[in-house]
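These notes are about the structure you will find just below.
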Amino acid sequence: DMAMDNRSSGIFGLVNPSYGAGDPGMNVPLHSSGGLSQLSPYLNFDPSVLQQTQPEYFSLEGASQKRGRFELAFSQIGGLCMVGGGLGGAHGLYKGLHETALAGHTGKIRRTQLLNYTMKRGSAMANTMGVVAVMYSGIGCLMYWARDSHEDEWNTLGAGSITGLLYKSTAGIKKCAIGGLVGLGLSALYVACGSRESRDKLKEQYNNFVY
Amino acid sequence: MEEYQREPCPWRIVDDCGGAFTMGVIGGGLFQAIKGFRNAPSGFGRRCNGSILAIKQRAPIIGGQFAVWGCMFSTIDCSLVYLRKKEDPWNSIMSGAATGGILAARSGVAAMAGSALIGGVLLAMIEGVGILLTRFTAEQFNPIAPGEMQDPSALGPSPTPPQY
């Protein structure tokens, strides 16, 4: 209706002028307050019309803020490989120091033996963790694609438990089941406390429960 | 974007390590599956068993070797980028040669030189193919110069001038 589309015209212009008290652009101090307003009277404005919080990251339209499973996969696999190598190497070094001291080796032989122990344990541990990481990432990606690009925690839980089952699948039914349960437990732990948002959620629930 | 984008340099090493490990495990797994199948005693069940056993034993080791290669290659590549302050195919070729050389260090100088040569040539071929592909796909984006149009009817009907 033409009478209602412009509140500053017609009878509404007298009662509700667009420059009235309801307009936030009019919330201006009567006397200049120094600072920017020294430069120009037009800089006296109510800062509430400004958008205060800016988004932390830009993203293209339609792209999700979180990284997809496939993008994260290689860095997860590589990271777990390196961590496994480090842990295994440290374990091997410790064991090697113990054994060579026990056997009374010195000098060049001891150095070679220590290196052997470290490399053997380090590479074994790195390979093991890497294979588990490959299985987990692969099954996670498969579940994501099988569910028509739908991402939630069930992907993580399913991938963890199937990895556990698959990893121990040749060791008998009982060990296979234990492996599956371990996988399920670890992935449930990650879903509950792994990322910052889940930790914040837990903190919130704890506060709600206590107070 | 869904496109594959490389990480900035320090994290690129972890990415490449993981990518190389995955390639090694899957490729080695397939290879060992076939090899274990063929080398097992006759009978389908026993052959399958042999194949699975071979995968379990050898595939992680092959994956680990690929991962070490990838990690070393990427580390040297990132170091060269940092030192030379530019990114170009020469970095990859030199890294391939250096990686091949270092990983053969236990077998003496001659083996190191041979391995370095193979690594450099391999990377040069890969980079060369990459450059050719880039040039080929970039040609479709060339703008059409004014004199080159033989048949202007391809552009559509000419716009009629506005009637006043």
Side-chain angles (χ1 to χ4, degrees), chain A residues 57-86 88-89 112 115-116 119-142 144-145 149 163 166-171 176, chain B residues 1-30 32-33 36 40 45-46 48-75 77-78 102-103 105-106:
Chain A
Y57 297 107
F58 288 111
S59 66
L60 296 173
E61 297 183 37
S64 61
Q65 288 280 20
K66 285 197 64 173
R67 286 179 156 191
R69 276 184 179 272
F70 193 65
E71 289 179 47
L72 286 173
F74 289 140
S75 46
Q76 277 175 348
I77 297 171
L80 271 178
C81 233
M82 291 180 165
V83 164
T112 315
L115 209 62
N116 284 349
M119 296 289 278
K120 187 158 176 227
R121 286 284 175 164
S123 56
M125 184 63 116
N127 291 342
T128 311
M129 292 193 76
V131 164
V132 168
V134 166
M135 280 190 198
Y136 168 78
S137 299
I139 297 176
C141 281
L142 277 175
Y144 175 74
W145 285 326
S149 304
T163 304
L166 194 63
Y167 190 68
K168 285 287 184 185
S169 56
T170 52
C176 184
Chain B
M1 283 190 209
E2 294 289 356
E3 299 166 5
Y4 170 61
Q5 288 168 348
R6 299 193 85 187
E7 299 272 323
C9 230
W11 291 270
R12 202 184 281 189
I13 302 176
V14 175
D15 250 8
D16 281 355
C17 185
F21 187 85
T22 311
M23 277 202 299
V25 162
I26 294 182
L30 285 171
Q32 290 296 323
R46 260 174 272 163
C48 280
N49 223 355
S51 147
I52 292 179
L53 215 66
I55 294 178
K56 270 177 59 171
Q57 284 171 347
R58 295 287 310 168
I61 299 178
I62 299 178
Q65 289 172 342
F66 269 66
V68 164
W69 192 95
C71 196
M72 180 136 287
F73 173 80
S74 200
T75 311
D77 197 33
C78 282
I102 291 178
L103 288 179
R106 275 197 161 180

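A, B, ... follow the sequence lines: proteins, then strands. Residue 1 opens every chain. Because only heavy atoms are used, hydrogens play no part in the values below, and waters and symmetry mates are left out as well, while side chains stay in.
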Quiz item: Atom CG in B:D16, atom OG in A:S75: separation rounded to 0.5 Å?
Solution: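 With rounding to 0.5 Å, CG (B:D16) is 11.0 Å from OG (A:S75).
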Quiz prompt | Structural part of B:I52 lying under 4.5 Å from a heavy atom of chain A | solution =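 Contact with chain A involves the side chain of B:I52 alone.
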Quiz item: Hey, which of B:T22, B:I26, B:V25 has the most heavy atom pairs under 4.5 Å with chain A?
Solution: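 Sorted descending by pairs with chain A, the first entry is B:T22.
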Quiz prompt | Those residues that, when tested against B:R12, pass salt bridge (charged side-chain N to carboxylate O under 4.0 Å, His left out) (two or more places apart) | solution =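 In terms of salt bridge (charged side-chain N to carboxylate O under 4.0 Å, His left out), with neighbours along the sequence ignored, B:R12 is linked to B:E87.
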Self-check item: Members of residues 124-136 of chain A whose heavy atoms come closer than 4.5 Å to chain B
Solution: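 A:N127, A:G130, A:V131, A:V134, listed by number.
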